[in-house]
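These numbers were taken from a predicted model, which means no experiment stands behind them.
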Amino acid sequence: MKTRTKTAYDLKGVPGVPAQVGPFSHAIRWGDQLFVTGQMPTTPETGEVVPGGVEEQTEQVLRNLDAVVTACGARLDDALMVRVYLEDFGDYEAVNTVYRRWFADPLPARTCIGVRGLAVGALIEIDLVVGIREEDRS
């Protein structure tokens with residue numbers, strides 16, 4: 001029987017990855033899956049929310065997720081499950097427009113959840129579960 005271990009990724013100081021803002025790991029690997037902490041629309045350099053609306057924030061969140069996933073040795077396009085947290089469901093179509101540019105077919109499963117508020121005044125947050133390809137496993 002194969003034993004699985006939980007591996008935590010602390011990506012402090014990795015270029016393109018925003019610093020953690022709480023007591024959690026950037027990601028956890030369990031077997032061939034990577035569970036990625038929700039990312040906010042903050043720039044890694046300053047920790048500030050990007051200027052603009054939900055489109056700009058969505059783009060930054062996806063850049064942050066890509067940086068985390070890549071630093072963990074995986075690929076954003078191998079996302080299995082995406083959870084999107086939106087402060088305003090009126091932004092749903094605008095988010096979809098940006099989102100679709102980041103994922104190739106077949107698209108991952110996705111849940112979109114309406115919330116009453118997000119950290120740092122963000123309009124959107126996204127977390128992921130990513131499958132790790134056999135050739136990417138170490």
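The one candidate from V82, I126, L86 that meets the side chain to side chain contact (heavy atoms under 4.5 Å, CB included) condition with C112 is L86.
Partners of R110 according to the salt bridge (charged side-chain N to carboxylate O under 4.0 Å, His left out) rule, which considers only residues two or more places apart in sequence or in another chain, do not exist here. Legend: residues meeting side-chain contact (heavy atoms from CB on, under 4.5 Å) with D77, ordered by chain and number and at least two apart, are F103, A104. Residues satisfying the side-chain contact (heavy atoms from CB on, under 4.5 Å) test with L123, not counting sequence neighbours, are V54, Q57, E87. Take F35 and apply the ring pair (Phe, Tyr, Trp, His ring centres under 6.0 Å) test, not counting sequence neighbours, and it matches no residue. Partners of T97 by side-chain hydrogen bond (donor to acceptor under 3.5 Å, both in side chains), not counting sequence neighbours: none found. Evaluation of the salt bridge (charged side-chain N to carboxylate O under 4.0 Å, His left out) rule for D66 yields no partner, not counting sequence neighbours. Every residue two or more places apart in sequence or in another chain that forms a salt bridge (charged side-chain N to carboxylate O under 4.0 Å, His left out) with R101 is listed here: E59. The side-chain contact (heavy atoms from CB on, under 4.5 Å) check on K12 picks up D10, with sequence neighbours excluded. Taking T70 as the reference, nothing meets the side-chain hydrogen bond (donor to acceptor under 3.5 Å, both in side chains) condition, with sequence neighbours excluded.
Hydrophobic clustering of Ile, Leu, Val, Met, Phe, Trp and Tyr side chains at less than 4.5 Å, counting indirect connections, unites W102 with L34. A single hydrophobic cluster is not seen to contain both L107 and V129; linkage of ILVMFWY side chains at heavy-atom distances under 4.5 Å, directly or through other members, places them apart. Cluster annotation: V68 and V98 are assigned to the same hydrophobic cluster (Ile/Leu/Val/Met/Phe/Trp/Tyr, side-chain heavy-atom contacts under 4.5 Å, transitive). If you chain together hydrophobic residues whose side chains sit under 4.5 Å apart, M81 and V61 never meet in one group.
Screening residues 115-132 for salt bridge (Lys or Arg N to Asp or Glu O under 4.0 Å) gives R83-D127 as the qualifying pairs, with residues at least two apart or on separate chains. Screening residues 6-26 for ring pair (Phe, Tyr, Trp, His ring centres under 6.0 Å), with sequence neighbours left out, gives no hits.
Using modelled atom types, one side-chain atom of N64 and one backbone atom of T42 make a donor-acceptor pair closer than 3.5 Å.
Using a 4.5 Å heavy-atom threshold, the side chains of V95 and I124 count as touching. Looking at P41 and E48, their side chains never come closer than 4.5 Å, going by heavy atoms from C-beta outward. Considering only heavy atoms from C-beta on, Q39 comes within 4.5 Å of P18 through its side chain. With a 4.5 Å cut-off on side-chain heavy atoms, R29 and V36 do not count as touching. For the pair Q33/L80, a side-chain contact is recorded, criterion being any heavy-atom separation below 4.5 Å from C-beta on. Looking only at side-chain heavy atoms (C-beta outward), T7 and I28 stay at 4.5 Å or farther from each other.
Cluster partners of Y85 are M40, V49, I113, V115, L118, V120, counting Ile, Leu, Val, Met, Phe, Trp and Tyr whose side-chain heavy atoms approach within less than 4.5 Å, directly or via other members.
In this structure, L11 CG and C72 SG are separated by 5.0 Å, a value rounded to the nearest 0.5 Å.
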